[in-house]
Undergrad: 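Dropping a structure here in structure tokens format, bear with me for questions.
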Amino acid sequence: MKLWRVREDRLPLLVIAAMWAFTTVLWLTPGITKPDGAGYYVYLPSTYLDHDLLFFDEWANLGLIRNGVILHKEVTASGHLGDHWTIGSALIWYPAFVAGDILRVMIPPLARFPRNGLSLPYNVPVILTSALTGLLTLLIGFALIRRTYGRFAAVCAAAGIWLGTPLLWYSLRNPIMSHATSALACAVVVMLAVRNRRALNGRALFACGIAAGVAFAVRPQDGTFLLVPLFFMAGDGLGRLAIRLTALGCGFFLGALPELIVSEFLYGTPIGFITGGGAAKPFAAFERIWWWEPIFSWYHGLLPWSPFIAVALAGFYFIWRDDRPMALAGLYSFLAQWAVNATLERSFWGAYSFGQRRFLDCTIFFILGAAALLSRLPRILSVIITILTSLWSLSIFFAASSRLDLSAYYTPRELWQEQARALASASQYFRVFDSVPRAMTGLVFVLCAATIAVWVTLATASSSRPVRRWATELTAGVLTVVSCFLAFCGWNGQNRVDSYRRLIQFNRMVSSATGGADQRAALLSDELRYLQKSGRTDEAEATAIELRNVLVRRDEGIRRLTQGKVAP
């Protein structure tokens, strides 16, 4: 980038960074959400400290094994604890996790924390890395649109996306999830495709494929982004087209390889994380089709919880006029995620969720769409729209930070009452690290500063000319080494399965008796309450029948289990 462009971009970049820093200092929340956050996190201590893929001890340390019963997941056919929460986010967090282990030794006040991979020195660097992935997503969006739609519109779009969508929640309040890293991974796919659109040769498509494969390893639904580079690829002869598509596919395979290896050891098949390996299936595909609910329902619907997204979707029209390949890529990505959320998971509301978190992989296109529309409006109107829509989502953010039950369905009136109550006491959320005990604030601040220093050092090293020139090859090499390390951990863990044999046998017996009914009962209970409160009587009755049948099977299984009639 030319020096004058750096100077011209300095102020808007400082505004975005200041907004991120201010909210991070207020709302960054250490901790591990259970079970989803635990599922994404356990790869770190298991591979780094134990050098295996057996998660039984980590699950126990997190309080997810009670009275010998494994909660939320099953024992697979290979004798491992199932984990459909994929490894991609952990790979992005890994440098920060290792840095936390080093900082624990270097900083005396941190030495009192146990070296278990879960304590404060390990947890804080990981959650701050998730926060940084949110910032990087905004910066990539700014870089893609500043020249097309202007810096003012780009800053407004970044602010609206940060403050007015679930990105804020999953970067700061619940960062041990895959959604912030998913937004970044998909943004990188789009960035690579756009930057190389005039020369999408085999090497460039291989790089795009790697990025798409990593995005798939972060969240399997992000695999749809593999097709995004094709929208920017000019027509060519069949021979060259075949070579380019092969390069794209090979890159995707390499990017996804760590997850395929992990799944092979956990489930005995590379795609076990999708198909499930026991009674507790991770998905309930095509059981119900929810076409309009993911977008319009008040049960975590995209637009009711994040009205700024309406600005972004309206802006797709102007992207179509300005850059048709970009518009097609954005429209395809949005519709693909809509279809996935409507069909492949019965709980369209995302269970314990802040808004429609499963659309965050489209964040980069939402930034583009918002900027395309806001650049055509008077500046004062752009500011007003951004502020009002952000305040709406922030009021839900404050409510969810206190008493709002993110698993429950709230009618519009009930939700507004919670928002108004939260706004009336909003001052309590404007203190440094509001969720951190006062005695820990200083340590959290030190860990955050050290983690930022680590990432700045790594970014500086990677920005050198030789690294940038060979970035694709270096990334491929790193992924190969990581895949070999994970294979070693898998083989190492197989030799330790016998030490958990009694736990495995007991939980297979429990699973065969109950059939994962507790998880299914929770899903159906949430669905039933939603249908009843929204007045959909016939559908509610059908769900109630399903729920009763599940509970009957569970109770019968428990009865047979307690009478000793279920064989392991």
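Keep in mind that the numbers below use all heavy atoms, side chains included, and drop hydrogens, waters and symmetry copies.
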Undergrad: Determine whether Trp20 and Leu132 make a side-chain contact, defined as any pair of heavy atoms from C-beta on separated by less than 4.5 Å.
TA: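 Side chain of Trp20 against side chain of Leu132, heavy atoms only: contact under 4.5 Å found.
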Undergrad: Could you tell me the separation between the CG atom of Leu205 and the SG atom of Cys208, rounded to the nearest 0.5 Å?
TA: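 Nearest 0.5 Å value for the CG-SG distance: 5.5 Å.
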Undergrad: Sequence neighbours left out, what passes side-chain contact (heavy atoms from CB on, under 4.5 Å) with Ala450? Give chain and number order.
TA: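 Here the qualifying residues are Leu103.
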Undergrad: Would the distance check show the side chain of Arg438 and the main-chain N or O of Val436 forming a donor-acceptor pair, the cut-off being under 3.5 Å?
TA: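 Side chain of Arg438 to backbone of Val436, a donor-acceptor pair under 3.5 Å: yes, one is there.
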Undergrad: Would Tyr40 and Ser178 count as a side chain to side chain donor-acceptor pair (under 3.5 Å) if you check the C-alpha gap in whole Å, the side-chain angles of each, and the deciding distance to 0.1 Å?
TA: CA-CA 7 Å; Tyr40 290 115; Ser178 63; 3.1 Å; yes
Undergrad: Is the backbone N or O of Gly355 less than 3.5 Å from a side-chain atom of Ser353, with the two atoms forming a donor-acceptor pair by type?
TA: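 Confirmed, Ser353 side chain pairs with Gly355 backbone.
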Undergrad: Side-chain contact, heavy-atom cut-off 4.5 Å: Ser297 with Pro304?
TA: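 No; the side chains remain at least 4.5 Å from each other.
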Undergrad: Does a side-chain N-to-carboxylate-O contact under 4.0 Å join Arg203 and Glu473?
TA: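 Answer for the salt bridge query: yes.
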Undergrad: If I compare all heavy atoms of Cys156 with all of Phe308, which pair ends up nearest, and what's the gap?
TA: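 Minimum heavy-atom separation between Cys156 and Phe308: O-CZ, 4.1 Å.
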Undergrad: Can any side-chain N or O of His300 pair as donor or acceptor with the backbone N or O of Tyr409 at less than 3.5 Å?
TA: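 A pair under 3.5 Å: no.
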Undergrad: If you look only at pairs with a residue in residues 357-388, which of them pass as a ring-ring contact (aromatic ring centres under 6.0 Å, His included), with sequence neighbours excluded?
TA: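 Every pair satisfying ring-ring contact (aromatic ring centres under 6.0 Å, His included) with a residue in residues 357-388: Phe334-Phe359.
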Undergrad: Just do the side-chain contact (heavy atoms from CB on, under 4.5 Å) check on Asp434 and Leu26 with the steps written out, would you?
TA: CA-CA 6 Å; Asp434 69 343; Leu26 293 178; 5.9 Å; no
Undergrad: What distance separates His179 NE2 from Thr133 OG1, expressed to the nearest 0.5 Å?
TA: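 Answer for the NE2-OG1 pair, His179 versus Thr133, is 12.0 Å.
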Undergrad: If you look at every heavy atom in Asn116 and Pro45, which pair is closest and at what distance?
TA: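 Nearest pair, atom of Asn116 first, then Pro45: O-CB, 3.9 Å.
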Undergrad: For Phe216 and Leu226: C-alpha separation, side-chain torsions, deciding distance, then whether side-chain contact (heavy atoms from CB on, under 4.5 Å) applies.
TA: CA-CA 9 Å; Phe216 173 80; Leu226 175 64; over 6 Å; no
Undergrad: Can you find a pair of side-chain heavy atoms, one from Gln337 and one from Gln221, that are under 4.5 Å apart?
TA: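 Result yes, sub-4.5 Å side-chain heavy-atom pair found.
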Undergrad: Out of curiosity, Glu418 CD to Leu423 CG, how far, rounded to the nearest 0.5 Å?
TA: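 One gets 11.5 Å once the value is rounded to the nearest 0.5 Å.
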Undergrad: Treating Ser306 as the side-chain partner and Leu303 as the backbone partner, does any N or O pair qualify as donor plus acceptor under 3.5 Å?
TA: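 No: the side chain of Ser306 does not pair with the backbone of Leu303.
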Undergrad: As a test of understanding, state which of Phe22, Phe398, Trp169, Trp162 forms a ring-ring contact (aromatic ring centres under 6.0 Å, His included) with Trp27.
TA: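 That would be Phe398; it is the only one of Phe22, Phe398, Trp169, Trp162 passing the ring-ring contact (aromatic ring centres under 6.0 Å, His included) with Trp27.
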Undergrad: Which label fits Phe485 and Tyr94: parallel for a plane angle under 30°, tilted from 30 to 60°, or perpendicular past 60°?
TA: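 Correct class here is perpendicular.
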Undergrad: Is the shortest distance from a Lys or Arg side-chain nitrogen in Arg197 or Asp323 to a carboxylate oxygen in the other one below 4.0 Å?
TA: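 Yes.
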Undergrad: If you look only at pairs with a residue in residues 106-131, which of them pass as a salt bridge (Lys or Arg N to Asp or Glu O under 4.0 Å), with sequence neighbours excluded?
TA: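 Qualifying pairs: Asp101-Arg115.
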Undergrad: What residue among Ile127, Ile452, Leu128, Leu110 forms side-chain contact (heavy atoms from CB on, under 4.5 Å) with Leu447?
TA: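 Single pass found, and it is Leu110.
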Undergrad: Do the non-hydrogen side-chain atoms of Tyr299 and Gln356 ever get within less than 4.5 Å of each other?
TA: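 They are not in contact (no side-chain heavy atoms under 4.5 Å apart), so the answer is no.
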Undergrad: Any ring-ring contact (aromatic ring centres under 6.0 Å, His included) pairs touching residues 121-155, not counting sequence neighbours?
TA: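 Only Phe97-Tyr122 qualify under ring-ring contact (aromatic ring centres under 6.0 Å, His included).
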Undergrad: Could you check Ile92, Thr363, Asp222, Leu360 and say which one makes a side-chain contact (heavy atoms from CB on, under 4.5 Å) with Ser182?
TA: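 The residue from Ile92, Thr363, Asp222, Leu360 that satisfies side-chain contact (heavy atoms from CB on, under 4.5 Å) with Ser182 turns out to be Asp222.
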Undergrad: Would you find a donor on one side and an acceptor on the other, under 3.5 Å apart, between the side chain of Gln428 and the backbone of Ser425?
TA: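 Indeed, once roles are kept as given, a pair shorter than 3.5 Å links the two residues.
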Undergrad: Evaluate side-chain contact (heavy atoms from CB on, under 4.5 Å) for Val189 paired with Ile364, printing each intermediate quantity in order.
TA: CA-CA 10 Å; Val189 177; Ile364 187 65; over 6 Å; no
Undergrad: Heavy atoms only: give me the nearest Leu458-Pro95 pair and the separation to one decimal.
TA: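 Smallest interatomic distance, heavy atoms only, reads CD1-CB, 4.2 Å.
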Undergrad: Dump the intermediate steps for side chain to side chain donor-acceptor pair (under 3.5 Å) on Arg173 and Ser401, then the final yes or no.
TA: CA-CA 8 Å; Arg173 282 299 195 207; Ser401 298; 3.1 Å; yes
Undergrad: For atom CZ of Arg198, is the number of surrounding heavy atoms from other residues, nucleotides or ligands below 6.0 Å larger than 12?
TA: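 No - once you tally the heavy atoms of other residues, nucleotides and ligands closer than 6.0 Å, there are 12 at most.
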Undergrad: Can you check whether Ile161 reaches Leu167 side chain to side chain, under 4.5 Å on heavy atoms?
TA: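 Side-chain contact under 4.5 Å: yes.
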Undergrad: Excluding sequence neighbours, so at least two apart, what forms side-chain contact (heavy atoms from CB on, under 4.5 Å) with Val478?
TA: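 side-chain contact (heavy atoms from CB on, under 4.5 Å) check on Val478 returns Val482.
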Undergrad: Residues two or more places apart in sequence or in another chain: which of them pass side-chain contact (heavy atoms from CB on, under 4.5 Å) with Pro437?
TA: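 Scan of Pro437 (side-chain contact (heavy atoms from CB on, under 4.5 Å), adjacent residues dropped) gives Met440.
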Undergrad: To the nearest 0.5 Å, what is the distance between CD on Glu414 and CD on Gln419?
TA: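 Reported to 0.5 Å precision, the distance equals 12.0 Å.
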Undergrad: Would a distance-only check, ignoring hydrogens and angles, find a side-chain to backbone donor-acceptor pair under 3.5 Å from Ser119 to Pro114?
TA: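 Yes; at least one donor-acceptor contact below 3.5 Å.
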Undergrad: My understanding is that only one of Trp349, Trp305, Tyr170 makes a ring-ring contact (aromatic ring centres under 6.0 Å, His included) with Phe354; could you say which?
TA: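 When Trp349, Trp305, Tyr170 are each tested with Phe354, the ring-ring contact (aromatic ring centres under 6.0 Å, His included) holds only for Trp305.
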Undergrad: Atom CG of Leu313 and atom CG of Leu373: how far apart are they, to the nearest 0.5 Å?
TA: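 Output value for this atom pair is 10.5 Å.
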Undergrad: Using every non-hydrogen atom in the two residues, find where Val218 and Ala185 come nearest and quote the distance to one decimal.
TA: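 The pair with the smallest heavy-atom distance is CG2-CB, 4.5 Å.
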Undergrad: What's the spacing between Leu394 CG and Ile387 CD1 if we round to 0.5 Å?
TA: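 If I round to the nearest 0.5 Å, the distance is 11.0 Å.
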Undergrad: Would you check if Pro12 and Arg146 make a side-chain contact, meaning some heavy-atom pair closer than 4.5 Å?
TA: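 A side-chain contact under 4.5 Å is absent here.
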Undergrad: Please tell me if the side chains of Ser393 and Leu163 come closer than 4.5 Å, counting only heavy atoms from C-beta onward.
TA: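 Contact flag for Ser393/Leu163 side chains = no.
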Undergrad: Test your reading of the model: is there a side-chain donor-acceptor pair from Ser395 to the backbone of Trp392, 3.5 Å cut-off?
TA: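 Between the backbone of Trp392 and the side chain of Ser395 there is a qualifying donor-acceptor contact (under 3.5 Å).
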Undergrad: Please check: side-chain N/O of Ser171 versus main-chain N/O of Leu168, any donor-acceptor pairing under 3.5 Å?
TA: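 Pair absent, no side-chain N/O of Ser171 close to backbone of Leu168.
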Undergrad: Got a sec: does the OH of Tyr429 have more than 12 other heavy atoms crowding it under 6.0 Å?
TA: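 Yes.
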Undergrad: Taking all non-hydrogen atoms of both residues into account, name the closest pair between Gly31 and Ile176 and its distance.
TA: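 Smallest heavy-atom distance, with atoms named: O-CG1, 3.2 Å.
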Undergrad: Should the heavy atoms of other residues, nucleotides or ligands under 6.0 Å from OH of Tyr317 be counted, would the total exceed 12?
TA: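 No.
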Undergrad: To check you understand the geometry: which heavy-atom pair defines the closest contact between Leu486 and Pro258, and what is its length?
TA: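 Here Leu486 and Pro258 meet closest at CD1-CB, 3.6 Å.
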Undergrad: Is the number of heavy atoms from other residues, nucleotides or ligands under 6.0 Å of Arg465 CZ greater than 12?
TA: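 No, the 6.0 Å shell around CZ holds no more than 12 heavy atoms from other groups.
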Undergrad: Could you tell me whether the side chain of Asn123 reaches within less than 4.5 Å of the side chain of Leu118, counting heavy atoms only?
TA: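 Heavy-atom side-chain distance check fails, nothing below 4.5 Å.
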Undergrad: Mind running side-chain contact (heavy atoms from CB on, under 4.5 Å) on Phe348 and Arg358 for me, showing each step along the way?
TA: CA-CA 9 Å; Phe348 73 88; Arg358 294 171 181 157; 5.6 Å; no
Undergrad: Taking Ser463 for its side chain and Thr460 for its backbone only, find out whether a donor-acceptor pair lies under 3.5 Å.
TA: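 Judged by distance alone, yes, a pair lies under 3.5 Å.
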